[in-house]
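Heads up: the structure comes next, in structure tokens.
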Amino acid sequence: MKSSSPVKNTGAEWWIVFGAIVLFNLWTRLHKVDQPEWVCWDETHFGKMGSWYINRTFFFDVHPPLGKMFIGAVGYVTGYNGTFPFEKPGDLYHDHNYLGMRVACTLLGACLTPFSFLTVWELTQSITASAFAGVLALFDVGMLILNQYILLDPILLFFISGSTYSMVKFRSYHERPFSVVWWTWLIITGFMLGGAISVKFVGLFVILLVGLNTIEQLWEILGDMSQPISNVIKHFLARAACLIALPIAMYICLFFIHLQVLYKSGNGDGHFSSSFQSALVGNVLHNASMPRHLVFGAIVTLKNHRTGGGYLHSHFHLYPEGVGARQQQVTTYAHKDENNKFIVKKWNDEAPKIYSDEYEKAEVDFVKHGDLIRLEHVITKRNIHSHAEPAPISKKQFQVTGYGDDGIGDANDVWKVEIVGGSEGDVVETVTSKIKLHHYFMKCVLTCSNKQLPKWGYEQQEISCNPTVRDPNALWNVEDNFYPKLPNVSFQNFAPGFVSRFLESHAVMFQGNAGLKPKEGDYTSRPWEWPINFRGQFFSGNDHRIYLLGNPVIWWGNIIFLGLFTATYIWNSILAQRGHEDSLEIQTQKSRTLYAGVWLFIGWALHYVPFWAMGRVLYFHHYFPACLFSSMLTAVILEYILNTILHFIPEKLVKVVYHTFIGIFVGTLWYSFHLFSPLAYGMEATPGHMTNSSVHHLKWIASWEF
Amino acid sequence: MVQLGKSEVNGGSQVRSRKKKVKESEVEQAPLKHLDALELKQKLKERLDIREQRSYGDGDSVPSTPPKENGDVSGDEATETIITKESCSKKKTRSGETKRSEPKKPHHPFVISVQMDFMVGFLFLISLITRLVFLDLPRNVVFDEMHYGKYASLYLKGTFFFDANPPLGKLILALAGYFAGYEGDFEFQKIGVPYPENFPLMTLRLIPALCGSLITPTVYLILGEMGLSNWAGALAALMVVLDTAILAQSRFILLESMMMLFALFAILSVLKFRRFAGAPFSMGWCFWILMTSVNMGLAFSVKFIGIYSCWLCSFLLLRSFWKRLSLKQVSNLQLFFEFSSQAVLICVIPILVYVGSFYIHLSILTKAGVHDSLMTSAFQASLEGGLSSIVDGQPKVIAHGSQITLRHTHGKTCWLHSHEHVYPIRYDDGRGSSHQQQVSCYSYKDVNNWWIVKRPDREDLAVHEPLDSIKDGDTIQLVHGMTHRALNSHDVAAPMSPHNQEITCYIDYNISMASENLWKVQIVNMDNSGEESARVWQSIGSQIRLIHVNTNQAMKFSPRLYPEWGFHQNEVAADKNHDQLDTIWNVEEHRYTKHDEDKRTLERELFNAELIPQTPTYLSFWQKFWELQVKMLITNQDNVQNHNYASYPGEWPFLVRGIAYFISKDSNAQVHLIGNIMIWYTGTLSVLAYSTILIIYLLRRRRLCFDVPEDVFQEFVEVGEVLMAGYLFHFVPFLFYDRTLFIHHYLLAYVFKLMLTAFLMVHIYEIAMNVVSRKWLARLVAIGVVCWILATIYVFVQMSPFCYGFFPMSASQVKSLKWKDTWDFIIHKP
């Protein structure tokens with residue numbers, strides 16, 4: 001922190017500006033942080049998940065664990081006991097201690113301002129530009145609102161801006177490779193990246209940014225012919241270790257802790273496979289013991305192997321008139337029930353009743369890959385059956401019914417067992433085997449189509465026979481297996497290890513993420529709306545209303561400066577291509593600005609453009625990481641423009657113009673912040689479209705709903 | 001490496017010694033400093049850059065001896081020396097140097113016909129043979145022939161239809177049908193239906209087959225145009241001929257082969273154009289830029305995915321212009337004019353072609369047809385028959401006493417509807433309702449869709465002259481024709497969208513809930529001429545909003561459906577946000593009430609009303625055009641559904657799945673779109689190989705190791721720039737699609753991959769021949785390529801039954817061809 005650090009060179013002035021911004025920043029962020037005293041917006045999720053960490057209860061979420069762990073840990077330290085249910089937004093906290101978690105999140109969020117300041121300082125070495133960046137971050141009402149609550153976003157934004165800062169800071173030591181500070185900042189960058197990806201997968205974009213930056217650095221080093229090639233390799237390995245291996249290790253460690261801490265069964269169990277569930281204390285499968293292999297005559301339940309898949313189910317009700325044949329319904333049902341039980345029989349033979357004499361005499365006959373079976377529903381004694389009628393909802397697939405009397409049906413009750421990845425002679429194993437049931441005549445597979453039946457089907461999920469035999473929803477596993485003749489094996493023995501639990505969690509998370517599709521008719525936010533601040537998001541209602549909305553002056557300004565930057569960059573490239581040459585002074589200034597601008601622009605684009613391609617539900621607050629970069633870019637370009645102006649005016653006016661400009665800039669931002677601060681600190685109950693509302697004059701465009 | 005480092009050190013000190021003679025001795029001994037190396041590198045790079053522009057940019061406009069650079073002459077000389085030194089040791093010129101520079105010279109613009117050498121003819125011939133034999137077999141409807149064939153028939157009958165793809169391809173098919181005397185009377189019900197005897201199947205299939213055959217020579221010419229040897233071109237063309245997927249796709253009434261041909265023509269034209277970039281506004285320049293833009297337009301007007309080819313062309317044009325920018329002898333003004341004229345041509349002509357195809361489309365399709373109901377009432381009414389036959393005679397001006405049906409104008413087709421059923425007292429989620437009569441949006445014609453417009457202050461309903469016409473801003477009541485209850489809204493949450501307000505037909509339960517049944521008519525598409533007549537509410541033409549007077553909320557269609565109690569009809573609610581498409585409605589059917597003596601006569605009148613003839617509706621081309629565009633955009637997004645043979649873009653490079661196009665009823669003879677796996681995998685491998693080799697070259701060059709001659713490297717980069725970019729432009733966008741995709745969407749990208757493969761093979765041969773300079777190695781490569789071709793032919797012969805689709809195969813034969821577990825050929829007969 002000595003030689004290249006500019007702090008010492010500029011001294012007091014730098015510290016005054018920096019200190020003032022940080023202090024004012026702290027004041028704005030902590031002001032009314034305890035208001036409102038009820039659950040705001042997604043606090044209902046993340047607060048709840050924090051509580052679950054305190055209670056050690058397993059849950060399922062589409063985001064990686066760090067953010068929620070942090071919330072849980074902070075809550076624990078500051079005396080929250082994990083008992084508040086966080087049921088829905090608007091629930092009063094009463095005397096539960098929520099303040100610790102809020103303040104911790106707010107403080108992380110408050111780091112954005114100094115990080116912006118410092119990042120721009122490292123990029124430009126200009127106090128003016130850094131101050132612009134600091135002020136832009138400080139006066140953005142949106143940043144203030146988003147970072148004041150128990151959410152993942154303050155944590156995520158902290159790591160994103162932290163990564164960016166440590167990246168540029170690390171780069172500033174490029175002349176002292178492998179020194180202690182160099183290593184320190186490299187490692188800090190790695191940790192920040194690991195943190196970002198462990199909070200939300202959006203952290204991937206900042207990893208890409210740092211990755212691109214690193215590639216560029218290595219390219220420079222590679223081109224330095226004064227250094228031997230081994231030097232390049234050393235540089236490469238150091239970066240690979242700190243920027244790739246370290247974040248991955250950190251991510252895996254956090255997951256390890258996550259899975260260790262949450263050992264009790266909770267409401268997320270259903271998303272996971274039977275073997276995963278058997279590792280959770282309190283789950284029915286935990287410590288259960290049953291036969292390892294499946295034999296003919298056993299009573300079983302079949303669980304769909306898809307995330308959150310239910311059990312194969314049938315009941316004493318028929319399909320209604322007009323829905324295929326009027327035979328007994330077959331569905332999937334998410335809960336344990338006597339009606340989920342089936343007996344496995346040979347296709348052409350009866351199985352002896354358990355505990356009967358014949359049963360005692362009969363030999364144990366294992367169900368193997370390729371065997372032909374019938375599945376008889378225990379309670380109604382009907383066989384699982386399919387025929388060439390369309391299924392009730394998936395019309396291209398076939399209907400599956402319960403058919404026959406007392407277990408005697410017809411040839412359409414025959415199913416062929418396929419163990420996925422199995423071969424001739426493999427025996428079906430309880431829980432661990434993934435099986436498919438092929439209908440022998442129709443050449444289709446028993447599938448849970450994932451669609452809900454109407455009222456007549458008790459809103460359980462539809463079962464069909466699918467001619468596309470590779471449908472991933474066609475996988476089943478045996479969960480309960482009752483056959484007393486076989487020795488019971490404890491499930492503990494095949495509870496999955498960390499690696500398979502880790503992998504399964506990810507499969508489930510990605511599936512969950514992909515499943516967050518907007519339903520027809522639901523309002524979803526589209527990426528084009530974000531930069532123009534088209535529509536915000538309600539955080540809290542009642543008489544202390546909070547509405548997430550960026551400061552329009554800053555956000556609209558940001559768009560203009562994005563455009564300005566792009567135009568400048570293209571213009572400069574054209575000039576360069578035409579062989580135009582500037583004086584050295586301008587050249588340095590220009591290349592410094594363009595360098596800073598390019599990386600900030602890439603940061604913005606990486607955090608914004610991918611959302612266009614996402615099919616999942618999107619929200620307005622997804623834009624905030626991009627906005628962070630956009631604001632810094634604005635600061636850099638603004639300072640460049642200011643400098644260019646100052647360059648062209650007479651010497652004695654420079655000071656006046658400079659100070660006027662700063663005054664107007666800060667003044668405008670401060671005033672707009674003042675105007676819009678009710679959005680953050682609470683508005684009264686009258687809606688904004690009423691003329692008597694206190695915020696009526698702020699409703700600049702019709703789509704703002706406050 | 002070591003040697004090289006040394007030579008560079010010497011070179012570097014030379015620079016210094018010339019520049020700063022004073023310090024000569026010192027420099028000789030001092031180790032080379034970092035700065036010097038950088039400086040030297042910079043210079044070297046500049047020199048190289050300039051060279052590359054000289055030898056490649058722009059044909060004859062460059063003087064034969066390059067003018068001296070400005071700046072420090074001595075320094076410049078010094079670098080020159082280094083270069084010579086460098087090139088003495090490192091650079092080798094390629095044997096065919098003189099031959100290579102040849103195609104760079106500008107030709108006469110229409111030279112293409114002269115260049116049709118033996119090779120082109122031969123390639124065209126074999127692709128013609130493979131594509132044309134047994135073209136009329138199987139004589140059944142194959143896959144999407146069901147759609148495109150049907151559309152061609154509908155053109156010939158002049159019946160309106162709606163398709164999410166632009167019309168040009170189908171128009172061409174229809175034209176072929178027209179010349180063959182086909183009258184469009186075949187129905188194309190479903191896949192597999194046999195064609196009737198008199199159906200000109202050959203003619204219709206001939207068009208795609210011809211286009212498919214022309215792809216082969218075009219590919220050859222493209223590679224030739226990039227300065228590659230005939231071998232590379234022939235190899236690529238051969239791959240096109242031998243690929244079973246391209247073959248199958250070209251043999252049936254499908255649009256892909258046309259789109260691909262136009263797209264490749266466009267690319268070829270761009271490459272031709274680049275040759276004339278140095279002679280702006282010359283004959284060739286104008287001709288080829290025109291050709292480019294016309295073909296871009298054609299490709300885009302056949303299928304929307306042709307847009308990626310347009311992007312590729314624009315990208316290549318930009319690149320060529322970028323190189324031109326560095327020429328100092330061309331003035332800024334000239335560059336500006338060149339750029340803007342190119343930009344204008346590239347934008348305007350494709351749009352003209354596109355709009356033109358729609359113009360023909362709309363002027364042919366004048367009769368009402370099956371897809372009418374997708375369009376707005378106004379659009380429907382402008383077609384002959386269909387809605388227009390119903391509404392033809394109806395009065396135009398809505399007045400007090402008008403009986404109307406109100407249609408939801410944009411999006412789902414449905415009409416404002418009510419019936420003798422009430423909202424349930426309590427919904428499933430525990431909320432209560434007003435328990436009044438349901439109002440919904442119903443997608444079928446029904447007598448319950450009729451409403452009567454009424455002024456609040458008048459009781460009689462019969463319409464008399466002078467008409468009491470309703471104008472923009474007037475307040476009305478809407479009375480449901482069959483139940484005589486008025487449309488009403490109040491501060492109760494709507495059934496399915498609780499944030500909106502409920503709309504009901506008011507029933508007076510005698511509780512303290514007064515009726516709030518006044519609505520203000522707001523005409524959205526009124527022309528602001530200020531004339532009184534412009535403000536009159538008209539049937540069909542006027543798009544209106546109904547604003548509830550008491551609460552200032554607009555009646556809107558909601559995409560949510562009522563559950564069983566509402567018969568799964570669409571919800572109608574009132575929303576405070578007026579400005580959305582779903583709040584727009586229009587009158588579709590309309591007549592005046594004649595007798596209002598009692599309810600019975602009114603009902604009877606509703607059931608059998610008579611019509612008064614009046615003028616037909618007319619919509620201008622542009623109105624229709626824009627409506628179609630919007631509709632196509634929306635439909636394209638809606639198309640998310642499961643298909644048995646759909647595939648993901650990520651699977652395409654590995655040929656995971658094909659598409660079953662057709663299966664014969666009485667044997668296993670089938671058409672299945674599946675690529676030639678040999679070519680397919682080699683292609684995927686070459687994309688990887690190309691990227692790897694490029695990275696190695698770049699890294700080595702960065703360390704100043706010039707492994708291959710400069711011109712070979714430049715060629716490697718430039719060819720890659722076209723072909724790799726072509727591949728990525730046509731492939732990457734699909735990764736972000738949110739709709740059902742098929743492997744035939746990949747074919748155009750695949751053609752670029754084939755060209756890249758051919759180039760790479762020739763490149764490796766050349767490296768073996770000229771750089772490594774081992775004859776035996778080169779021979780080995782050549783033998784490898786020949787073996788590879790033989791293997792490809794073998795695979796082609798094996799797989800061809802799936803393209804021609806009339807060889808009855810036994811089950812075991814089909815099984816033996818199932819080389820990948822994921823290929824789903826159909827086996828339904830032994």
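It should be emphasised that the depicted structure is a prediction, and the values quoted were computed from it without experimental measurement. Chain naming here is simple, since letters A, B, ... match the order of the sequence lines and numbering starts at 1 in each.
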task = Over all heavy atoms of both residues, which pair between A/Pro392 and A/Leu453 is shortest? Give the atoms and the distance, please.
result =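 The answer is CG-CD2, 4.0 Å.
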query = By a 4.5 Å heavy-atom criterion (distance strictly below it), what part of B/Asn332 contacts chain A: side chain, backbone, both, or neither?
reply =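 Both the backbone and the side chain of B/Asn332 come within 4.5 Å of chain A.
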request  = Could you look at B/Ser497 and say if it's the side chain, the backbone, both or neither that has a heavy atom under 4.5 Å from chain A?
outcome  =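 No part of B/Ser497 comes within 4.5 Å of chain A.
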Heavy-atom contact with chain B under 4.5 Å, split by part of [X]:
| X | value |
| --- | --- |
| A/Val469 | neither |
| A/Trp219 | both |
| A/Ile221 | backbone |

message = Please check this pair: side chain of A/Tyr608 against backbone of A/Pro527, looking for a donor-acceptor N/O pair closer than 3.5 Å.
response =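 Judged by distance alone, yes, a pair lies under 3.5 Å.
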inquiry  = Please rank B/Leu335, B/Asp579, B/Leu735 by heavy-atom pairs under 4.5 Å with chain A and give me the top one.
reply    =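 Max contact count across the listed options: B/Leu335.
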ask   = Got a second to check how far B/Asp575's CG is from B/Asn500's CG, nearest 0.5 Å?
value =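 If we round to the nearest 0.5 Å, B/Asp575:CG and B/Asn500:CG are 4.0 Å apart.
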key: Residue B/Tyr648 excluded, over 12 heavy atoms near OH under 6.0 Å   =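 Not more than 12 within 6.0 Å, no.
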ask   = Relative to each other, are the rings of B/Phe734 and B/Tyr737 parallel, tilted or perpendicular (30° and 60° limits)?
value =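 Aromatic pair B/Phe734/B/Tyr737 classed tilted.
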